[in-house]
J.: 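Below you will find the structure I want to go over with you.
Index from 1, following the sequence. Remember, it's 1-based here, ligands and their atoms both numbered in the order they're listed. As the structure is a prediction and not an experimental result, all values here were calculated from the model.
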Amino acid sequence: MKPALFYSLAFLANLYSTQAQDSPFSWTSSQQVISPYAKAGKMEQRGRTGVAAMHAVLLNEKKILIIDKAEWNEAQFDSGQSAFSVEYDWTTDKYRTLPLETNTFCSAGGFLGNGSFISTGGGERRGRTWKAEPGWQSIRHYTPCMDNLCEWTEYKTGQMTNNRWYPTVEQLAEGDIIIVGGSTKGTAVNRDEVNVPSYEFWPPRAGGEIHMPFLNETMPFNLYPFVFALPDGNLFVFANKQSMIFDYNNNRVVKKLPDIPGMARSYPLTGGAVMLPLDPANNYNVEILVCGGSENMKNKAKADATCGRINLGDETPKWEMDTFVYPRLMPDGVFLADGTVLWVNGCQRGWAGYNGRNHDPTFDPLIYDSTKRHGQRWTSGLASTDIARMYHSVALTLPNGQVWIAGSNNVDPPNISEDAEYPTEFRVEYYSPPYLFKSATRPLVSHVPRVVIYDESFDILVNLGSAAGADPKNVKVALLRPGFSTHSMHMSQRYVYLRHELSEDMQSIRIQAPPRATIFPPGAGFLIVLYDGVPSEGVEIFVEPNHGALAI
Ligand SMILES: *[C@@H]1O[C@H](CO)[C@@H](O)[C@H](O)[C@H]1NC(C)=O
Ligand SMILES: *[C@@H]1O[C@H](CO)[C@@H](O)[C@H](O)[C@H]1NC(C)=O
Ligand SMILES: *[C@@H]1O[C@H](CO)[C@@H](O)[C@H](O)[C@H]1NC(C)=O
Ligand SMILES: [Cu+2]
């Protein structure tokens with residue numbers, strides 16, 4: 001490489017790298033990138049959420065919708081009443097308070113295919129200084145915007161067929177959402193008297209609420225069941241230690257799967273779950289990873305230190321067990337831009353819930369690489385935090401490849417006193433994974449269409465930067481949907497590789513959209529081009545059945 005090119009690449013890196021402000025790069029004479037962060041990544045604290053980040057979802061390229069429950073928060077309206085929802089701009093670390101009238105306590109959410117976000121269910125009426133109407137059967141719409149003008153629209157009650165506290169939402173191929181399980185009121189653990197062993201859809205489908213015996217069989221550890229929409233059109237549903245493949249269109253159990261070894265994995269013994277990346281190279285074969293959990297509902301209970309991974313493509317799927325490196329409950333597993341899974345948050349003892357139930361916070365992030373062989377999948381020793389994030393914390397991967405980490409509120413009422421063992425947490429952290437420090441440049445993409453139709457091919461422009469002379473085999477293209485983060489759940493989270501062809505001059509890529517809606521249910525994703533494991537910035541793109549389907 002000639003010096004002139006070297007300078008121009010460094011210049012590009014400064015222009016486009018999100019790390020431009022404090023460029024960590026230095027170069028040896030052999031032009032190898034040396035960054036102190038290239039191994040462990042970097043953890044930075046910056047910004048405050050204003051409301052406790054019990055639930056969070058990425059709305060578009062700049063904004064995050066944060067939802068708490070009706071309670072005291074530092075973000076308040078002029079009236080002195082506490083806010084319990086804000087729109088957070090991660091590019092400026094500023095938030096805008098959003099009025100909300102129904103209690104969103106431990107609710108769920110997902111996007112419809114037309115781009116509107118739907119929040120489902122919640123909790124009890126609240127009086128006095130943080131007024132709220134009951135949210136048990138509420139449906140709330142929020143249509144994303146960039147202009148700071150969008151607001152909540154609430155359909156306060158009688159929208160769902162039943163009260164749903166701790167339900168799971170998953171976005172479906174049909175462009176609607178399924179709402180699964182929950183309880184009729186707040187409870188430390190599910191009980192027959194409050195269990196809601198059924199599912200329904202929003203917008204409502206004919207037939208209303210449908211009984212799901214699985215939610216009887218998995219008592220009492222089945223609130224916030226893990227649900228993933230599978231490429232074959234069925235659902236994977238997991239609660240407690242049990243799981244099945246379920247045909248929601250015909251209310252039929254397709255296959256019962258074996259119990260996962262180890263402890264129960266669902267609330268309040270909360271573990272986490274991820275559907276590993278879907279790849280056309282193996283015909284979208286599905287593997288599910290479930291990690292962590294806790295032994296019982298005692299404040300000093302030991303967390304589970306294992307993960308199980310099951311290959312749904314096997315004729316008789318079995319759980320292959322692996323370490324989780326640490327015992328951990330209430331972990332957050334989020335896809336990084338390169339398809340590996342970052343695990344953050346949680347603790348080593350106790351159970352999910354308020355007031356003294358969470359102990360020994362886990363400060364160390366871990367990265368899980370599902371493509372590596374058993375025994376080589378975990379990376380530890382990453383940049384850690386000193387903020388305890390346990391019950392009611394969240395994490396979301398951002399379009400720029402960083403991870404936004406917020407929340408932790410395990411005291412009721414909230415307590416920000418330094419004397420509190422684990423104070424209510426409003427601070428935001430950004431984790432920059434090692435891939436942001438690996439190379440002086442990251443791939444640049446432009447001319448990404450806003451909407452593409454299933455199976456269509458489209459062209460984008462690309463600059464592979466320092467990879468001049470690139471090997472096309474090192475180029476990957478993927479779609480990331482970060483999903484709705486709450487209670488270790490990442491509802492509708494998805495990572496799908498796309499077929500593509502790099503042009504001979506390496507200036508453009510022809511990409512094939514996901515072939516059908518079961519592979520990537522309609523709606524937004526972030527298009528990422530990777531070169532040698534270094535991701536471009538994610539560009540928001542909508543995948544839809546037709547050009548008229550997107551309403552925003
Ligand atoms: C399932 O649970 C519901 C609510 O807890 C209960 O009313 C019903 O009898 C249960 N059904 C079975 C078959 O156990
Ligand atoms: C916060 O916690 C501290 C220490 O336990 C306690 O003294 C204080 O009363 C609590 N404040 C509130 C508002 O509960
Ligand atoms: C999306 O569809 C839902 C359900 O039909 C509708 O209520 C909502 O208004 C639509 N969103 C937009 C932005 O048109
Ligand atoms: Cu909760």
J.: So, R205 versus N249: side-chain donor-acceptor pair below 3.5 Å or not?
T.: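 Present: a donor and an acceptor within the cut-off.
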
J.: Starting from atom 1 (C) of ligand 3, what is the nearest protein heavy atom, named by residue and atom, and what distance separates them?
T.: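 Ranked first by proximity to atom 1 (C) of ligand 3 is N114 ND2, 1.4 Å.
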
J.: From atom 11 (N) of ligand 1, is the closest protein heavy-atom distance below 4.0 Å?
T.: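 True for atom 11 (N) of ligand 1.
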
J.: Quick one: closest heavy-atom pair of A337 and T397, and the distance?
T.: N-CG2, 4.3 Å

J.: Check ligand 1 against N216 and write out every atom of the ligand that is under 4.0 Å from a heavy-atom position of the residue.
T.: 1 (C), 2 (O), 3 (C), 8 (C), 10 (C), 11 (N), 12 (C), 14 (O)

J.: Atom 13 (C) of ligand 3: which protein heavy atom is closest, and how many Å away?
T.: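 Checking every protein heavy atom, the shortest distance to atom 13 (C) of ligand 3 gives S116 OG, 3.5 Å.
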
J.: Between Y95 and D89, do the side chains contain an N or O donor and an N or O acceptor separated by less than 3.5 Å?
T.: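 Distance-only check fails for Y95 and D89.
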
J.: Can you tell me the protein heavy atom closest to atom 9 (O) of ligand 3 and the distance?
T.: H141 ND1, 4.5 Å

J.: Would you tell me whether Y88 and D93 have side-chain atoms, one donor and one acceptor, within less than 3.5 Å of each other?
T.: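 Judged by distance alone, the side chains do pair up.
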
J.: With ring pair (Phe, Tyr, Trp, His ring centres under 6.0 Å) as the test, pick out the partner of H141 among F111, F117, Y155.
T.: Y155

J.: Write out the residue and atom name of the closest protein heavy atom to atom 5 (O) of ligand 3, then the distance separating them to 0.1 Å.
T.: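 Among all protein heavy atoms, the one nearest atom 5 (O) of ligand 3 is P203 CG, 4.1 Å.
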
J.: When you measure from atom 3 (C) of ligand 1 to the protein, is at least one non-hydrogen atom found at a distance under 4.0 Å?
T.: yes

J.: To which protein heavy atom is atom 14 (O) of ligand 3 closest, and what is the distance rounded to 0.1 Å?
T.: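 Here the closest protein heavy atom is A551 CB, 3.3 Å.
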
J.: Is any N or O atom of N415, backbone or side chain, closer than 3.5 Å to an N or O atom of ligand 2?
T.: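 Between N415 and ligand 2, an N or O pair is found under 3.5 Å apart.
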
J.: Should you measure from each heavy atom of L112, which atoms of ligand 3 turn up under 4.0 Å away?
T.: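 Within the 4.0 Å cut-off of L112, ligand 3 contributes 2 (O), 3 (C), 4 (C).
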
J.: Please determine, by modelled atom types, if N410 and N355 share a side-chain donor-acceptor pair under 3.5 angstrom.
T.: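 The answer is no; no qualifying pair exists.
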
J.: Determine whether the side chains of N163 and Q137 contain a donor N or O and an acceptor N or O closer than 3.5 Å.
T.: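 Checked: N163/Q137 side chains pair up, N/O donor to acceptor below 3.5 Å.
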
